[in-house]
Amino acid sequence: MSTVHTASSATRNPDTRLSIGMIGLGNMGTPMALNLLAAFPGSLTVTARSRDRAAAALSAGAAWADTSAEIARASDVVILMVPDLPQVDELLFAEGGLTEAPTTCVVVVCSSVSPTGIRLTDERLRQQTDGRMRIVDAPVSGGTEGAAAATLSIMVGGGEADVATALPILAACGTPVHLGPLGSGDIAKACNQLIVAATMAAVSEASVIAERSGLDLDALLTLLQGGYAGSRVLETKKDRLVERDYSPSGAARYMVKDLSFAHAAAVETATTAPVLDALRAQFDGLVAAGLGDDDLAVIHRYISSPEQPR
């Protein structure tokens, strides 16, 4: 039976390894935590809404903390994997939050959030902690499959010194690349999501056309994967399209948020983005139709719905 460690025993490591904290043990966060534990045994402290949500990480050797502030006291680097900036702000500034700890740490936000918003949050964090805590933005791409296999693409923004601290830790979860100052990671993620959404929509439209034309969808998509139409999106979503499996590995509604960040970046850079505009309308409609909690592949169902305009 595995020993469950507590934050009281998870003080900063006496050797040269950095102590790591993690908050957000959902579909992405849990496999990331397990990879961190494999790479840095005895270095990870976690917290969650309940111990049950942290069961896998605790069984693998993570320490438990009752509050975010305890995480900060035990950690040199704290990773946040929560849905959006309001949850990040709550973990930082609410009662029991990270800022209540009188310690120094780098806060790595792996959530997909607004580039402008993360900069404002960093300013507030630095002011409230006299610069002891700073943010690195590091959103990820690769889905639950990439999180489990430690093959995530990790888009990193932040100051040189803080990023240098975070990169070796993030490398346990995939391939982190420093793209520029704070907010750069989230701009990159917005660009990534534009491409993912466009690819998923195009594959879904093509699938509906092919099936209604009498083609074997499995045979077609397998064939297309070997040509220029091939992609990681097609590879991972092909079986879902063929089998009509829309069970969530990641909720489609999050794409609305991510595409809104891409739209804001397009406006800021005076970029005309007709594909982005069409995708936003499509995913807004999908969510309005009550499909937002299903997998991203559910856009196939939305496109094939007889209620859709022709």
Side-chain angles (χ1 to χ4, degrees), residues 26-28 82-87 111-117 139-145 186-215 217-218 220-221 224 229-310:
N27 291 337
M28 294 292 292
V82 293
D84 202 351
L85 202 54
Q87 292 79 24
S111 318
S112 299
V113 302
S114 161
T116 300
V140 304
S141 180
T144 53
E145 303 92 348
D186 282 300
I187 291 173
K189 181 60 185 286
C191 294
N192 177 87
Q193 294 302 81
L194 169 57
I195 296 169
V196 170
T199 305
M200 191 71 247
V203 170
S204 295
E205 285 187 18
S207 296
V208 173
I209 292 170
E211 286 185 298
R212 290 178 177 175
S213 300
L215 276 64
L217 184 59
D218 191 6
L220 173 66
L221 295 183
L224 295 182
S231 68
R232 180 66 174 156
V233 172
L234 178 53
E235 177 187 349
T236 58
K237 301 299 185 183
K238 178 181 81 71
D239 290 343
R240 287 181 174 271
L241 296 176
V242 172
E243 298 167 10
R244 306 296 202 272
D245 176 12
Y246 309 130
S247 56
S249 62
R253 59 186 166 85
Y254 291 138
M255 188 59 77
V256 172
K257 166 180 68 92
D258 294 339
L259 292 176
S260 73
F261 300 150
H263 173 72
V267 171
E268 186 175 349
T269 57
T271 302
T272 302
V275 172
L276 173 57
D277 293 339
L279 289 168
R280 292 185 72 205
Q282 207 162 29
F283 278 92
D284 284 346
L286 181 155
V287 172
L291 303 176
D293 288 329
D294 290 320
D295 187 81
L296 187 64
V298 79
I299 193 171
H300 174 257
R301 175 180 171 185
Y302 178 70
I303 291 168
S304 62
S305 170
E307 287 78 26
Q308 294 310 304
R310 302 286 172 237

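Values in this document were obtained by computation on a predicted structure and should not be read as measured data.
Screening residues 252-261 for salt bridge (Lys or Arg N to Asp or Glu O under 4.0 Å), with sequence neighbours left out, gives R253-D293. Residue pairs meeting the salt bridge (Lys or Arg N to Asp or Glu O under 4.0 Å) criterion with at least one member in residues 273-287, sequence neighbours excluded, do not occur. Pairs engaging residues 197-209 under the salt bridge (Lys or Arg N to Asp or Glu O under 4.0 Å) rule: none recorded [sequence neighbours left out].
Under the side chain to side chain donor-acceptor pair (under 3.5 Å) criterion, T144 pairs with no residue, sequence neighbours left out. A search for side chain to side chain donor-acceptor pair (under 3.5 Å) contacts involving S247 returns D245, not counting sequence neighbours. Listed by chain and number, the residues in a salt bridge (charged side-chain N to carboxylate O under 4.0 Å, His left out) with D218 are K238 (sequence neighbours excluded).
Separating the CZ atom in F261 from the CD1 atom in I187 is a distance of 12.0 Å, to the nearest 0.5 Å. Interatomic distance, S111 OG to L85 CG, rounded to the nearest 0.5 Å: 8.5 Å. Atom CD1 of I303 sits about 9.0 Å away from atom CD1 of I209, to the nearest 0.5 Å. Between atom CD1 of residue I299 and atom OG of residue S304 there is a gap of 10.5 Å, rounded to the nearest 0.5 Å.
Within the 4.5 Å cutoff, the side chain of S249 has heavy atoms near those of the R240 side chain. E235 is not listed as a side-chain neighbour of E145, based on a closest heavy-atom distance of 4.5 Å or more. At a threshold of 4.5 Å between non-hydrogen side-chain atoms, the residues Q193 and M255 count as touching. Put simply, the side chain of Q282 reaches to within 4.5 Å of the side chain of Y302, judged on heavy atoms. Considering only heavy atoms from C-beta on, C191 stays 4.5 Å or farther from I195 through its side chain. Counting heavy atoms from C-beta on, the side chains of L221 and L224 come closer than 4.5 Å. Contact annotation: the side chain of M200 approaches that of L241 to within less than 4.5 Å [non-hydrogen atoms, C-beta and beyond]. Residues D295 and K237 have side chains in contact (heavy-atom distance under 4.5 Å, counting atoms from C-beta outward).
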